[in-house]
Amino acid sequence: MKPSIPKGTRDFSSSEIAKRRYIFETIQEVFECYGFEPIETPSFENSSTLMGKYGEEGDRLIFKILNSGDYLQKVSDEQLEKRDLNQIASKITEKALRYDLTVPFARYVVQHQNELVFPFKRYQIQPVWRADRPQKGRFREFYQCDADVVGSDSLWQEVEFVSLYDAVFDKLGLDDVVIRINNRKILTGIAELIGAGEKLIDFTVALDKLDKIGREGVLNEMRNKGISEEALAKLEPVFELTGSNLDQLQALESLLIDSETGLKGVEELRFVVENLEELKLESARLELDITLARGLNYYTGAIFEVQTDKMQLGSIGGGGRYDDLTGIFGLKGMSGIGISFGLDRIYMVLEELGLFDEGVVKKPRALFVNFGEKEALYALKAIQALRMRGIRAELYPSSAKMKKQMNYADKREIPFVVLAGEEEMKSGKFAVKNMQTGEQQDCNQDELALLFSA
RNA sequence: GUGGAUGUAGCUCAGUGGUAGAGCUCCUGAUUGUGGUUCAGGCUGUCGCGGGUUCGAAUCCCGUCAUUCACCCCA
């Protein structure tokens with residue numbers, strides 16, 4: 001049998017782990033710097049918590065966990081015969097793998113509402129699972145790094161989150177990211193304006209594809225979804241927006257003059273854009289993009305998406321404002337806003353651009369050659385002394401041929417090899433070889449520590 | 001769910017109807033206290049699987065499975 005892992009999953013090598021940890025730690029540090037505190041939720045939730053929260057497509061992509069024991073117990077023969085898959089699935093799979101971090105977070109907030117201090121700011125870095133068909137930059141198991149605030153409808157949160165995005169990517173050395181921003185209310189306003197209010201979802205999904213399929217493509221898709229020619233004609237000025245973010249908002253304002261919701265959206269965006277101009281971003285660029293829609297239907301205000309031009313890849317982050325996320329779990333009137341970082345994609349970008357520091361991979365500093373029992377003990381004493389000082393060192397486990405031991409050190413990229421045989425033991429010294437330069441020198445115990453900690 | 005591409009040694013791949021190959025890796029030796037370089041030697045195969053055409057199939061045809069890219073959707 002050939003060993004394999006399920007598609008869309010990956011093994012991680014130690015050097016990959018080191019690089020991933022570096023990203024995790026960077027994000028975590030910034031999250032905490034901005035006042036967020038960590039929580040974790042289980043890998044799997046009750047199916048009822050997740051089902052129906054991500055739309056029809058989402059339900060299909062949720063990994064469902066088969067009940068233990070006689071899982072057909074609750075299914076009648078009649079149901080089996082009818083092959084009503086949805087009905088049967090809900091009876092035989094009462095648990096499901098986490099699909100994202102936002103819905104479990106909403107559940108958490110409602111369940112623990114009496115213990116929490118609002119506005120509640122939490123971050124969460126955990127894997128999520130989607131029964132998707134994998135492709136480049138798309139996995140069935142991947143990590144999300146989310147930060148959300150619930151219980152505050154202040155627009156300063158929007159400002160803070162854009163600033164947080166900027167801080168993380170600046171710290172990671174990704175200095176060309178574009179943070180696209182839009183507001184769901186503007187989309188609603190435009191849909192109302194052209195008389196396609198009931199088709200808001202179809203309308204936004206189509207509009208979102210502008211950069212991919214072009215203007216005609218978008219118009220065609222809207223036609224297919226049953227939006228009238230008359231409405232499409234009214235859409236023309238929306239494609240013609242140009243100039244700075246504030247210029248575009250200006251134009252939108254006059255365009256949406258008859259839509260109360262639309263104007264509210266413009267006003268909100270203007271607050272965010274104006275204040276960020278004052279605060280200044282380190283390296284990211286904030287770009288108003290009214291075609292930005294994002295799939296999740298629960299966004300009600302600001303929408304964010306982060307992209308990099310350096311690589312052909314989906315977004316590396318996204319988020320937005322949702323006025324009533326906890327409502328589905330029975331807690332009304334809690335406004336939330338949050339953002340997410342796509343760790344796996346950020347990894348791909350940093351790797352592609354060579355932005356990882358050499359130093360992130362932690363190799364042992366020294367390998368002690370094993371010449372035999374007495375020598376090994378002598379070496380281990382020195383090794384323990386080094387370890388006490390936090391220096392990574394190890395002994396080759398068997399007294400194999402020199403060549404083999406040296407080879408091992410070479411392959412593991414261990415920078416120093418220590419040789420201590422009879423000669424050295426007599427004088428209490430160690431012969432240290434620098435594997436890069438090939439130079440060799442005699443050291444005592446203290447000099448070893450000094451050399452290796454440098 | 002839809003469409004395209006690819007499956008040959010541990011890895012990367014060549015081989016378009018006539019004996020199953022190369023490079024890398026790995027192991028051994030040259031070199032019993034000195035790695036990388038070099039040289040010599042060695043190990044590794046259900047050519048994804050099933051069927052068909054043919055005197056003969058890794059090669060052509062059909063099916064199937066797997067992988068992968070793209071669409072849908074998404075991080």
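Fair warning: this is a prediction, and the values are worked out from it, not measured in the lab. Chain A is the first sequence line, chain B the second, and so forth, proteins listed ahead of strands; every chain is numbered from 1.
- Residue A:Y408 is out of contact with every strand shown, counting any heavy-atom pair closer than 4.0 Å.
- Nucleic acid contact class of A:E424 (heavy atoms, under 4.0 Å, all strands): base.
- For A:R133 and B:U2, a side-chain-to-base donor-acceptor distance below 3.5 Å is present, hydrogens and geometry of angles not being considered.
- A gap of 45 Å separates the C1' atoms of B:U32 and B:G15, to the nearest Å.
- Under the Watson-Crick and G-U wobble criteria, each requiring two contacts below 3.5 Å, nucleotide B:A57 is left unpaired.
- Residue A:E394 forms a side-chain hydrogen bond (donor to acceptor under 3.5 Å, both in side chains) with just one option from A:R387, A:R365, A:R412, and that option is A:R412.
- Distances shorter than 4.0 Å separate some side-chain N or O of A:K411 from OP1 or OP2 on B:C26.
- Nucleotides of RNA chain B nearest to A:D132 and A:R60 differ in position, and the one nearer the 5' end is that of A:R60.
- Atoms NZ (A:K53) and P (B:C73) sit 22 Å apart, rounded to a whole Å.
- Heavy atoms of A:Q436 sit under 4.0 angstrom from at least one base atom.
- Computed from coordinates, the A:E422 CD to B:G33 C1' distance equals 12 Å when rounded to whole Å.
- For the P atoms, the distance from B:U37 to B:G56 is 49 Å, rounded to whole Å.
- Atom P of B:G23 sits at a distance of 39 Å from the matching atom of B:U64, rounded to the whole Å.
- Side-chain to base pairing of A:R130 with B:C73: no donor and acceptor N or O lie closer than 3.5 Å to each other.
- When rounded to the nearest whole Å, the span between CD1 of A:I303 and C1' of B:A75 equals 16 Å.
- A distance cut-off of 5.5 Å between ring centres, combined with a plane angle under 30°, places A:F142 in a stacking arrangement with the base of B:A75.
- Side-chain contact between A:M51 and A:S48 is absent, with no heavy atoms from C-beta onward closer than 4.5 Å.
- Heavy-atom minimum distance, A:V369 versus A:L419: CG2-CG, 4.2 Å.
- Using a 4.0 Å cut-off between charged nitrogen and carboxylate oxygen, A:E423 and A:K429 do not count as a salt-bridge pair.
- Nearest-nucleotide assignment on RNA chain B puts the 5′-proximal partner with A:M406, out of A:I213 and A:M406.
- Nucleotides B:C24 and B:U34, compared at atom C1', are 26 Å apart to the nearest Å.
- We find that CD of A:Q135 is positioned 15 Å from P of B:G1, with the value rounded to whole Å.
- Looking at heavy atoms from C-beta onward, A:N67 lies out of side-chain contact with A:K91 at the 4.5 angstrom threshold.
- The interatomic distance linking A:I414 (CD1) with B:G36 (P) rounds to 16 Å, in whole Å.
- Side-chain atoms of A:K433 and base atoms of B:G35 include a donor and an acceptor less than 3.5 Å apart.
- The partner of B:U32 cannot be assigned: no Watson-Crick or G-U wobble pair with both contacts below 3.5 Å exists in any strand.
- The interatomic distance linking A:K7 (NZ) with B:C69 (C1') rounds to 13 Å, in whole Å.
- At whole-Å resolution of the value, CD in A:Q144 and P in B:C74 are 13 Å apart.
- B:G1 is paired with B:C71 under the Watson-Crick or G-U wobble criterion, all donor-acceptor distances under 3.5 Å.
- For a distance-only test at 3.5 Å, the side chain of A:K403 fails to qualify as a donor-acceptor partner of the base of B:U34.
- Comparing B:G51 with B:A14, their P atoms sit 27 Å apart, to the nearest whole Å.
- Atom NZ of A:K136 is separated from atom P of B:C69 by 8 Å (rounded to the nearest Å).
- The partner of B:C27 is B:G41, judged by Watson-Crick or G-U wobble contacts that both fall below 3.5 Å.
- Rounded to whole Å, the separation between the C1' atoms of B:C26 and B:A9 comes to 12 Å.
- A donor and an acceptor atom sit less than 3.5 Å apart, one in the side chain of A:D410 and one in the base of B:G35.
- The pairing partner recorded for B:A22 is B:U12, the criterion being a Watson-Crick or G-U wobble arrangement whose two distances lie under 3.5 angstrom.
- The pair A:K171-A:E29 meets the salt-bridge criterion, since a charged nitrogen lies less than 4.0 angstrom from a carboxylate oxygen.
- Using atom P as the reference point in both B:G48 and B:C13, the two lie 15 Å apart (nearest Å).
- With respect to the salt-bridge test (charged N to carboxylate O, under 4.0 angstrom), the residues A:R389 and A:D446 qualify.
- Of the residues A:V306, A:V30, A:D146, A:L164, the one that meets the side-chain contact (heavy atoms from CB on, under 4.5 Å) test with A:F341 is A:L164.
- Across all strands shown, A:S315 has heavy atoms under 4.0 Å from sugar-phosphate atoms exclusively, and none from any base.
- Judged by atom type and distance alone, A:Q440 reaches the base of B:U34 through a side-chain donor-acceptor pair under 3.5 Å.
- Contact annotation for A:G317: backbone-only contact, meaning every heavy-atom pair under 4.0 Å involves sugar-phosphate atoms and none involves a base.
- Separation of the C1' atoms belonging to B:G18 and B:A5 is 29 Å when rounded to the nearest angstrom.
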